[in-house]
Amino acid sequence: MSEGMETSTQRILNLNGRTITLIGTAHVSAESMKEVEAVIRETKPDCVAVELDEKRADSIKNPEKYSQLDIVKVLKNNQGFLLMANLVLSSFQRRMGQNTGVKPGAEMLKGMEVAEELGIPVVLADRPIQTTFKRAWGKNTLWGKCKLLAALISSAFSKEEMSEEDIEGIKEKSEMDSMMNELADYMPVVKQVLIDERNLYLANKIWAAPGNSVIAVLGAGHLDGVVENLEKLAANQPTDDMEEISATPKKSFGSKLIGWLIPAAIVGLIVAGFIYGGTQLGKDMVLSWVLWNGCCAALLTALAAGHPVTVIVAFVSAPITSLCPFIGCGFVTAIVQAVICKPKVADMETLQDDISFKGIYKNRILRILLIFILSSLGSSLATFISGADIIGKFVGAEKQPLFDNSLEAAAGMLE
């Protein structure tokens with residue numbers, strides 16, 4: 001069924017009369033660029049598949065694309081976190097390639113250019129990056145999401161540089177195995193989404209590529225997984241559901257219900273406080289909700305260098321948006337910041353280069369995204385803190401005579 005050649009960077013498979021050559025690359029490697037071009041020119045396959053989706057291919061071909069970014073539209077489409085995550089990862093890869101002078105994805109671009117020059121069709125074989133990020137986020141637990149955010153923040157401010165030898169070493173199996181095992185131990189869900197699911201997705205796209213001779217250019221970390229899935233496809237063995245891994249995870253009924261139950265419970269407790277504990281208890285509970293939500297959101301908005309008006313809006317909007325599942329505090333503060341401090345063309349042109357501690361505060365677009373994330377985080381934390389405080393006030397009031405008298409009065413009214 002399968003006869004294969006194996007080198008440190010290539011797998012050549014003969015499956016059901018088709019020859020599929022997989023080239024494992026490091027995304028900022030000059031050697032990978034040369035290898036991709038040489039193999040395509042020498043083999044002249046029927047098709048070339050690359051580990052890119054449409055948006056990433058477009059951004060590599062048109063690096064000035066970010067100069068046309070509409071940040072308000074991004075926020076309205078609920079893609080603020082996705083954009084920030086994409087920028088952080090892209091910036092990390094750019095820093096890795098500084099010592100080699102190679103831009104991230106250059107080997108993919110080279111593969112597409114050579115294929116087009118030779119008149120060979122190109123297949124974009126990767127899953128859309130938005131789907132991958134949304135699945136990585138949606139399938140994670142709260143602790144997993146915190147670890148994912150920590151990893152993104154760490155990579156954003158990391159000053160780690162890699163030599164050309166280090167980058168070439170990434171393509172070696174032992175080095176790659178070590179990295180994959182480390183990722184699986186630290187964030188198993190992220191490893192499943194970023195590696196395992198995409199191995200299957202890539203294999204299906206490569207298998208569906210036209211022609212009997214196919215060259216696929218993909219990151220070295222995907223080689224073994226894609227080979228395994230291709231052999232299963234050739235043998236008609238069952239694999240995971242492609243339709244399921246191609247879809248954005250939908251919120252379960254339980255999570256949707258919780259989104260309404262928490263605000264309903266808070267409002268119910270405050271109303272109960274007014275009815276059974278008196279006006280003073282009700283006012284204390286309302287004040288706790290307003291101050292915790294307003295102060296936490298405003299403080300983190302100020303920490304993100306938000307405009308004074310944006311900080312005030314964060315304070316006012318957080319207690320309200322925390323009770324409404326349809327709109328978040330982060331969306332409100334980010335829109336206000338975007339209107340007051342409208343991004344300039346220069347901000348868009350330097351977007352990918354400004355992922356650093358100083359750059360995020362200097363670049364207006366990145367500051368808007370930071371305000372979106374931090375004010376949302378502040379409001380979310382305050383919901384749990386103030387909710388616990390409100391419950392404490394209500395439970396404590398049960399022991400007071402005023403509470404007992406209010407209960408008796410309420411019972412009398414019912415009679």
Side-chain angles (χ1 to χ4, degrees), residues 2 4-13 20-40 43 45 48-53 56-57 60 89-90 92-112 114 123-127 129 132 155 160-187 190-207 209 214-231:
S2 167
M5 283 182 56
E6 183 170 319
T7 68
S8 62
T9 58
Q10 290 183 39
R11 306 286 189 276
I12 302 177
L13 306 174
I20 299 177
T21 303
L22 307 177
I23 306 175
T25 69
H27 295 313
V28 288
S29 165
E31 289 301 317
S32 288
M33 287 179 62
K34 295 175 184 177
E35 182 180 13
V36 167
E37 179 174 9
V39 173
I40 294 175
T43 306
V48 172
V50 293
E51 185 201 330
L52 291 173
D53 62 274
R56 284 163 62 211
I60 289 176
L89 293 176
S90 174
F92 182 71
Q93 285 189 326
R94 286 163 68 90
R95 288 200 303 274
M96 284 177 60
Q98 280 180 347
N99 291 333
T100 65
V102 178
K103 294 181 179 180
E107 86 284 16
M108 303 291 171
L109 179 59
K110 176 59 70 174
M112 289 189 289
V114 175
V123 169
L124 302 177
D126 203 4
R127 182 172 61 186
I129 189 69
T132 296
S155 63
E160 179 185 1
E161 293 185 0
M162 298 184 72
S163 66
E164 192 168 350
E165 291 75 19
D166 293 331
I167 290 170
E168 294 305 317
I170 291 175
K171 296 185 288 187
E172 297 297 329
K173 187 173 180 180
S174 58
E175 182 75 17
M176 188 55 63
D177 286 346
S178 175
M179 292 172 65
M180 291 300 102
N181 291 334
E182 185 178 337
L183 179 60
D185 290 339
Y186 183 61
M187 291 185 287
V190 173
K191 189 261 183 184
Q192 177 193 354
V193 173
L194 292 185
I195 306 299
D196 299 338
E197 289 184 359
R198 287 175 62 222
N199 285 344
L200 174 60
Y201 193 97
L202 287 163
N204 272 272
K205 287 288 188 178
I206 293 167
W207 185 250
V214 177
I215 287 178
V217 184
L218 60 158
H222 293 290
L223 276 179
D224 291 342
V226 170
V227 168
E228 180 183 347
N229 281 293
L230 281 171
E231 290 177 339

**Residues Lys205, Asp126: salt bridge by 4.0 Å N-O rule** = no
**Complete:** Nearest heavy-atom contact between Leu223 and Ile23 is CD2-C, 4.4 Å
**Shortest non-hydrogen contact from Glu197 toward Val193** = CB-O, 3.7 Å
**Item:** Gap between atom OG1 of Thr43 and atom CD1 of Ile12 - 0.5 Å precision
**Value:** 7.0 Å
**Prompt:** How many angstroms lie between atom CG of Asn199 and atom CG of Asn204, to the nearest 0.5 angstrom?
**Reply:** 11.5 Å
**Message:** Show the nearest heavy-atom pair for residues Ala203 and Val226, with the distance to one decimal.
**Reply:** CB-O, 4.0 Å
**Asked** How about Glu51 and Leu202: do any of their side-chain heavy atoms sit closer than 4.5 Å?
**Response** yes
**Prompt:** Could Glu31 and Lys34 be called an ion pair, given the rule that one side-chain N must be under 4.0 Å from one carboxylate O?
**Reply:** yes
**Prompt:** Got Thr25 and Met108 here, is their nearest side-chain heavy-atom distance under 4.5 Å?
**Reply:** yes
**Request:** Could you check if a side-chain atom of Arg11 sits within less than 4.5 angstrom of a side-chain atom of Asp224, using non-hydrogen atoms only?
**Result:** yes
**Request:** In plain terms, say whether Asp53 and Arg127 are close enough for a salt bridge, that is, a side-chain N and a carboxylate O under 4.0 Å apart.
**Result:** no
**Item:** Nearest-0.5 Å distance, CG of residue Leu124 to CE of residue Met112
**Value:** 7.0 Å
**Asked** Hey, what do you get for CZ (Arg198) to CD1 (Ile129), rounding to the nearest 0.5 Å?
**Response** 6.5 Å
**Message:** Any heavy-atom pair between the side chains of Glu107 and Glu35 that's under 4.5 Å?
**Reply:** no
**Item:** Option from Val50, Ile20, Ile40 for which side-chain contact (heavy atoms from CB on, under 4.5 Å) with Ile215 holds
**Value:** Ile40
**Asked** Taking all non-hydrogen atoms of both residues, which atom of Gly111 and which atom of Val48 are closest, and how far apart?
**Response** O-CG1, 4.4 Å
**Prompt:** Side-chain contact, heavy-atom cut-off 4.5 Å: Val214 with Val123?
**Reply:** no
**Message:** Can you confirm whether His222 sits close enough to Ile195 that some side-chain heavy atom of one is under 4.5 Å from a side-chain heavy atom of the other?
**Reply:** yes
**Prompt:** Can you check whether Val114 reaches Val36 side chain to side chain, under 4.5 Å on heavy atoms?
**Reply:** no
